[in-house]
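These notes are about the structure you will find just below.
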Amino acid sequence: MDKIKLNGDFNGGVLSEAEQVEAEMASSNPAYFCIHNAMRRYQYAEAVAYAQGEEGAFARLPAMRFFYFYARFLHGQSLWIQNCEAPLDFAAVTEDDVKYSMKLKEEIKQEHLLNSLDPLMRYLYGVILRQLGLHALAQDQLILAIAEEPFMWCYWFELADCVMSTKDLTDVLSRVRPHWMRDFFLDRAYSALNMTEEAYGTCKYLRKTLFSSTAYVMSQLAKVCYNRREFADAAKLMEKVRIAEPARLDDMDFYSTVLDVRGDKVRLAKLARDLHDIDPFAPETNVAIANYCRIRDQRDKTIEHLTMAIRACPDAPLPWLLLGHEYTELKNFVRATASYQKVVELNPRDYKAWYGLGQVCENDKKYPQAAVYFYRSAQNGRFDSRVWNALGDVYDKMEQAEDACRAYWQAYQVGDKDDGAIFKLGKIYERDEKKEKMVQAYERYIEVCEETLNGNSNGKGKEDPNRPGFAYSDVSHAYLVVADAYYNNQRYTEARALALKAALYSPTDTDVKSFCESILEPGDPGFDERSVLEKTFQSEYTCMEQSLDEPT
């Protein structure tokens with residue numbers, strides 16, 4: 001009867017492997033419960049004291065050794081946070097900041113020489129090595145841990161965080177044996193390296209397998225959709241996550257950011273209220289409340305809640321990034337720079353933080369520094385046309401026309417539809433009197449405008465509420481320049497059609513009027529069609545006035 005009570009479950013008295021380990025530790029060493037309870041209460045010094053008194057059990061119970069070193073590691077992290085004089089100010093990491101980790105590294109290294117490390121100790125060793133910036137050594141330890149216990153979720157995720165480049169990823173994949181958990185690793189690594197399309201394909205594959213309704217897979221796919229600027233799809237996926245796990249806090253800060261970008265005040269307010277009811281002090285809750293305050297233009301409260309989120313979890317990049325955005329909008333560039341630099345320190349692959357630093361320097365008219373930051377951002381976020389556009393704008397201000405042209409062309413190549421990169425390219429060619437390239441650029445710009453305005457762009461399903469739209473004057477100018485080139489090449493019919501379209505977008509522009517009059521003079525082919533063109537112009541312009549609003 002006692003045995004049934006000890007093993008009492010609905011599996012016929014059969015314990016899982018984890019339960020067997022816990023039962024063994026509980027029966028052989030009562031201090032386990034004291035250590036476990038202390039760590040659950042975040043009393044890491046107390047856990048260290050309990051574990052230190054059981055050093056004789058380390059050889060017999062390797063898990064006890066892991067608890068001892070892990071509690072010391074967490075205790076060191078908490079001490080660093082408590083002793084930090086200004087946690088919201090950026091400061092480069094010094095030797096004093098990592099001395100505790102360095103001491104642990106040497107002790108675990110010595111332990112490795114005396115006794116071979118078990119997978120849990122290798123994992124902890126890898127975590128410490130990554131924190132110290134020794135990513136190659138951390139990869140070695142984590143790969144060895146995965147080889148022994150491939151089902152440990154945390155091993156794969158920590159390994160993904162150690163992958164700093166595509167070269168590292170290729171090397172790691174060649175050393176890790178095939179396993180179905182590797183797809184989760186690839187998804188996280190692709191996302192960390194900003195390889196959006198690869199991450200999208202991996203998430204889609206995971207959803208087609210046994211993990212179609214898994215909250216983690218859906219949230220990862222939502223993040224990829226967000227990077228692809230498919231905000232509606234990201235919001236739908238995160239709403240499914242909320243339905244599947246109503247009490248979930250993980251990734252809810254990201255969901256609140258999606259709702260903020262979409263301008264969905266109602267759902268954002270409900271999310272913030274629900275998270276507050278679950279845990280009012282969680283960093284995800286404070287980020288959600290900050291996003292709600294931001295959408296209501298309550299800047300002071302936004303900064304206050306972001307600060308609370310940072311104090312709760314200083315290593316989370318998202319609150320620092322949002323704080324940098326807030327300070328940038330408030331023109332507090334010193335604070336904004338400090339926030340963005342903290343994000344870069346936490347995750348050097350975050351292209352949005354590099355982009356934010358570039359914006360700050362550009363606003364301060366420090367164009368060379370801005371170009372460096374935008375270039376770093378472009379290296380990490382090659383798929384985002386806004387980064388290449390910003391880099392081209394800075395090069396243009398620095399009068400480096402050739403570099404600006406390369407940046408604008410790259411923006412067009414990665415799918416720029418709204419920021420007019422190809423139009424800016426045409427303006428540079430027009431300024432430099434490169435007529436053939438100018439006409440080609442404006443022709444491409446006209447194609448983009450017509451595709452987007454007709455709703456036939458290849459960005460089906462995409463939306464961007466912050467899209468500035470096309471300036472009618474730019475569209476009219478492109479039509480006019482191409483029409484002039486066609487007329488000079490005796491392509492009269494096409495020139496007249498484009499001139500008419502130029503007049504539709506700028507009916508009061510004197511240059512457009514004079515050009516239209518010049519190409520429809522008596523003696524030109526098609527002069528008899530002038531009255532027809534005038535009637536067509538009047539009818540089409542009237543329809544345009546009714547259906548289109550001039551963008552501000």
Side-chain angles (χ1 to χ4, degrees), residues 156-157 159-174 176 178 180-209 211-212 214 216-238 240-241 251 254 257-258 261 317 347-355 374-391 406-419 421-422 448 451-452 456-464 467:
W156 291 98
F157 280 15
L159 181 60
D161 292 340
C162 292
V163 175
M164 305 305 293
S165 65
T166 53
K167 184 180 178 182
D168 284 350
L169 181 59
T170 305
D171 179 59
V172 167
L173 289 176
S174 66
V176 176
W180 60 266
M181 278 291 293
R182 195 167 76 159
D183 292 319
F184 289 94
F185 160 75
L186 282 173
D187 167 53
R188 189 174 178 89
Y190 285 147
S191 298
L193 294 172
N194 298 306
M195 300 170 67
T196 306
E197 295 306 315
E198 290 82 354
Y200 185 74
T202 306
C203 288
K204 283 289 188 181
Y205 170 74
L206 287 171
R207 287 211 73 189
K208 289 179 182 177
T209 58
F211 308 102
S212 58
T214 305
Y216 172 78
V217 174
M218 287 192 290
S219 63
Q220 287 297 106
L221 182 57
K223 292 176 183 178
V224 177
C225 290
Y226 180 82
N227 287 333
R228 287 162 57 94
R229 306 185 70 73
E230 298 172 358
F231 303 122
D233 292 340
K236 288 177 183 176
L237 286 164
M238 291 306 299
K240 290 181 180 179
V241 173
D251 300 320
F254 162 73
T257 303
V258 175
V261 170
N347 181 14
R349 300 163 296 187
D350 193 324
Y351 78 97
K352 294 177 184 177
W354 290 111
Y355 181 76
F374 283 138
Y375 182 70
R376 288 293 299 272
S377 179
Q379 282 183 315
N380 290 286
R382 295 178 179 275
F383 60 89
D384 197 328
S385 61
R386 295 170 298 174
V387 176
W388 293 105
N389 252 306
L391 183 60
R406 289 199 195 97
Y408 287 140
W409 176 250
Q410 188 64 31
Y412 174 73
Q413 288 289 93
V414 298
D416 174 74
K417 296 292 181 185
D418 308 317
D419 295 328
I422 198 69
V448 171
E451 284 180 359
T452 304
N456 296 323
S457 67
N458 56 9
K460 185 178 179 182
K462 296 184 180 181
E463 62 169 326
D464 184 359
R467 181 173 69 86

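Since this is a predicted model, take the numbers as computed values, not measurements.
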How many angstroms lie between atom [atom1] of [X] and atom [atom2] of [Y], to the nearest 0.5 angstrom?
| X | Y | atom1 | atom2 | value |
| --- | --- | --- | --- | --- |
| Asp171 | Thr166 | CG | OG1 | 11.5 Å |
| Arg349 | Ser165 | CZ | OG | 9.5 Å |
| Trp180 | Thr209 | CH2 | OG1 | 9.5 Å |
| Arg182 | Leu173 | CZ | CG | 5.5 Å |
| Leu193 | Leu186 | CG | CG | 10.5 Å |
| Met181 | Trp156 | CE | CH2 | 7.0 Å |

Side chains of [X] and [Y], heavy atoms from C-beta outward: is any pair under 4.5 Å?
| X | Y | result |
| --- | --- | --- |
| Gln379 | Arg376 | yes |
| Thr196 | Val224 | yes |
| Tyr226 | Val261 | yes |
| Val448 | Tyr412 | yes |

Parallel under 30°, tilted from 30 to 60°, perpendicular over 60°: which one fits the rings of Phe211 and Phe184?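 Ring orientation of Phe211 relative to Phe184: perpendicular.
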
Looking at every non-hydrogen atom in both residues, tell me the closest pair between [X] and [Y] and how far apart they are.
| X | Y | value |
| --- | --- | --- |
| Val241 | Ser219 | CG2-N, 3.9 Å |
| Ala421 | Ala411 | CB-CB, 3.7 Å |
| Leu237 | Cys225 | CD1-SG, 4.1 Å |
| Ala189 | Leu169 | CB-CD1, 3.9 Å |
| Met218 | Ser212 | CG-O, 4.1 Å |
| Cys203 | Leu221 | CB-CD1, 3.6 Å |

Got more than 12 heavy atoms from elsewhere within 6.0 Å of CZ, Phe383?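 More than 12 heavy atoms, drawn from other residues, nucleotides or ligands, come within 6.0 Å of this atom.
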
Given the rule in the side chain to side chain contact (heavy atoms under 4.5 Å, CB included) test, do Asp161 and Arg188 qualify, once you have shown the distances and angles that lead to the verdict? CA-CA 8 Å; Asp161 292 340; Arg188 189 174 178 89; 3.4 Å; yes

Identify which one of Leu391, Asn389, Ile422 satisfies the side-chain contact (heavy atoms from CB on, under 4.5 Å) criterion when paired with Tyr408.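 Going through Leu391, Asn389, Ile422 one by one, the side-chain contact (heavy atoms from CB on, under 4.5 Å) with Tyr408 is satisfied by Asn389 alone.
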
Please find out if less than 6.0 Å separates the ring center of Trp354 from that of Tyr351.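 When the ring centroids of Trp354 and Tyr351 are compared, they turn out to be at least 6.0 Å apart.
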
Would you say the ring centers of Tyr205 and Tyr190 fall short of 6.0 Å from each other?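 Not under 6.0 Å, so no.
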
Side chain Asn194, main chain Asn380, donor-acceptor under 3.5 Å: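 Between the backbone of Asn380 and the side chain of Asn194 there is a qualifying donor-acceptor contact (under 3.5 Å).
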
Salt bridge check: are Lys223 and Asp251 linked by an N-O gap of less than 4.0 Å?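 Counted as a salt bridge, because a side-chain N and a carboxylate O are separated by less than 4.0 Å.
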
